[in-house]
Amino acid sequence: MKRCPECQSNRLNQNKEAGEIVCKDCGLVLEDKLVDFSPEWTEHESEDQSKRRTGAPLTYTQHDQGLGTEIGNSADFYRLGNKDKFYRLRRWQRRVSTAIERNLQLALSELKRISSVLHLAPAVEEEAARIYTMAVQKGLVKGRGLEHIVAGAVYISSRLNDSSLTMDDVCRAGGLDKKELGKNYRFIMRKLDIKLMPADPVNYVHKFASKLDLSPVTQTKALKLIDDIKKNGLNSGKSPKAIAAGALYLAAIMNGEKRTQEKVAMVSNVTEVTIRNRYKEFSEKLGIKKHLNKALKKAVA
DNA sequence: AAGACGAAAGTGGTTGA
DNA sequence: TCAACAACTTTCGTCTT
């Protein structure tokens with residue numbers, strides 16, 4: 001059982017709304033900036049209006065969420081009671097806050113940097129900051145590079161938000177390799193109990209297609225293919241990037257906009273071999289082989 | 001010469017005993 | 001914890017256009 005470090009009372013009151021744990025006897029705030037896990041993540045179509053937030057949300061992209069509190073040292077306080085007690089309170093608060101807050105300040109400036117390199121949407125940046133904040137509070141950053149945890153938070157956040165960011169993108173911006181990023185983001189997920197759905201190939205279609213300068217018609221075709229691929233269960237266990245790349249390669253040929261495997265491989269960061277394997281598999285199992293051959297002949301002619 | 005093809009060997013992640 | 005496994009990568013020689 002946790003006890004108040006000030007008066008040893010065990011009558012601690014967890015106030016979720018305020019994000020605090022408060023000692024009922026002496027009023028000491030044991031922990032603030034607790035993360036409220038309850039609403040926010042899941043609520044989409046919910047009928048339950050009571051969970052809705054109104055007004056400006058707290059922001060995690062400032063190190064103290066814009067809500068820093070300090071125990072003052074004005075004469076009034078001292079008059080209220082025991083001098084020593086308030087002095088000890090202030091010292092105690094300074095100790096817990098400085099380490100975490102200094103860390104957060106550093107981390108958030110790194111996050112800003114990555115964010116501007118990757119042009120992150122504000123919601124993604126915000127969520128990354130949230131995840132990082134939780135990680136610090138759980139002491140996950142100790143012994144690990146701060147930048148690595150930031151990069152991990154960014155990757156998780158973009159996955160949660162259905163962004164088309166790949167691990168390669170985050171690695172480039174964060175200056176770490178895939179192995180490290182993989183280790184770190186999995187570590188964070190495990191410790192914070194965050195679950196990620198496998199990425200949806202659909203998320204990559206637009207990004208790849210625009211880099212390949214493919215028409216919207218081809219993109220739509222690719223999306224349709226991916227839909228069929230899913231219906232036939234051809235997607236399970238396969239890399240979403242590979243599926244998107246294969247589908248786009250197919251769609252481009254059928255739409256008379258053929259791109260070389262090399263180019264598709266370049267923009268999708270998947271090898272030509274894998275694109276071949278995927279598109280062959282798709283064209284056979286979806287019964288569009290004849291269609292494809294015809295399109296190929298036409299492309300040559 | 002460019003592009004497509006596929007075999008062979010290696011890597012990292014997942015799964016199941 | 002270990003082995004088996006599928007997907008993917010790297011490399012490379014061959015075929016087609």
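Residue numbering restarts at 1 for every chain, and letters A, B, ... go by the order of the sequence lines.
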Visitor: Whom does dA6(C) pair with, Watson-Crick or G-U wobble, provided both distances fall under 3.5 Å?
Guide: none
Visitor: To the nearest Å, how far apart are K178(A) NZ and dG13(B) C1'?
Guide: 13 Å
Visitor: Out of dC5(B), dG6(B), dC8(C), which nucleotide sits closest to the side chain of V273(A)?
Guide: dG6(B)
Visitor: Any donor and acceptor pair, going by atom type alone, linking the side chain of S163(A) with main-chain N or O of R159(A) inside 3.5 Å?
Guide: no
Visitor: Look at all strands and tell whether E272(A) reaches a base, only sugar-phosphate, or nothing, counting heavy atoms closer than 4.0 Å.
Guide: nothing
Visitor: Is the backbone of Y185(A) close enough, under 3.5 Å, to the side chain of R190(A) for a donor and an acceptor to pair up by distance?
Guide: no
Visitor: Is S239(A) touching bases, backbone alone, or none of the nucleic acid, heavy atoms closer than 4.0 Å?
Guide: sugar-phosphate
Visitor: Can you check the M266(A) CE to dT10(C) P distance for me, whole Å?
Guide: 13 Å
Visitor: Strictly distance-based, threshold 3.5 Å: is any side-chain N or O of K238(A) a donor or acceptor partner for the main-chain N or O of L234(A)?
Guide: yes
Visitor: Taking only the side-chain heavy atoms of Y279(A) (C-beta and beyond), determine which of dC5(B), dG12(B), dC8(C) contains the nearest atom.
Guide: dC5(B)
Visitor: At under 4.0 Å between heavy atoms, what does K280(A) touch on the DNA or RNA strands: base, sugar-phosphate, or nothing?
Guide: sugar-phosphate
Visitor: For the side chain of T260(A), counting heavy atoms from C-beta on, which of dG6(B), dC8(C), dA4(B) is nearest?
Guide: dA4(B)
Visitor: Could you please name the option among dG6(B), dA7(C), dT14(B) that lies closest to any side-chain atom of K238(A)?
Guide: dA7(C)
Visitor: Take the protein atom CG of L234(A) and the nucleotide atom C1' of dA6(C), then report the distance between them rounded to whole Å.
Guide: 15 Å
Visitor: What integer distance in Å separates L181(A):CG from dG13(B):P?
Guide: 11 Å
Visitor: How many whole angstroms separate atom NZ of K297(A) from atom P of dT17(C)?
Guide: 10 Å
Visitor: Look at the side-chain N and O atoms of R278(A) and state whether any lies under 4.0 Å from the OP1 or OP2 oxygen of dA7(C).
Guide: no
Visitor: Please determine, for the side chain of K258(A), which listed nucleotide (dG12(B), dT9(C), dG3(B)) has the closest atom?
Guide: dG3(B)
Visitor: Before giving the answer on side chain to side chain donor-acceptor pair (under 3.5 Å), spell out for S158(A) and N161(A) the whole-Å C-alpha distance, their side-chain angles and the decisive distance to 0.1 Å.
Guide: CA-CA 5 Å; S158(A) 57; N161(A) 284 280; over 6 Å; no
Visitor: In whole angstroms, how far is the P atom of dA6(C) from the CD atom of E281(A)?
Guide: 13 Å
Visitor: Roughly how many Å is it from CD in E180(A) to P in dG13(B), rounded to a whole number?
Guide: 13 Å
Visitor: Closer to the 5' end of DNA chain B via nearest nucleotide, is it K183(A) or Y249(A)?
Guide: Y249(A)
Visitor: Taking only N and O in the side chain of T274(A), is any of them less than 4.0 Å away from OP1 or OP2 of dC8(C)?
Guide: no
Visitor: Looking only at the side chain of Q261(A) (C-beta and beyond, no hydrogens), which of the listed nucleotides dT9(C), dT14(B), dC5(B) gets closest?
Guide: dC5(B)
Visitor: I'd like to know if the side chain of T218(A) reaches the main chain of A252(A), judged simply by a donor and an acceptor atom lying under 3.5 Å from each other, with no hydrogens or angles considered.
Guide: no
Visitor: Which whole-number value in Å describes the distance from M189(A) CE to dG13(B) P?
Guide: 13 Å
Visitor: Report yes or no: does R144(A) contribute a side-chain atom to a donor-acceptor pair with the main-chain N or O of L140(A) at less than 3.5 Å?
Guide: yes
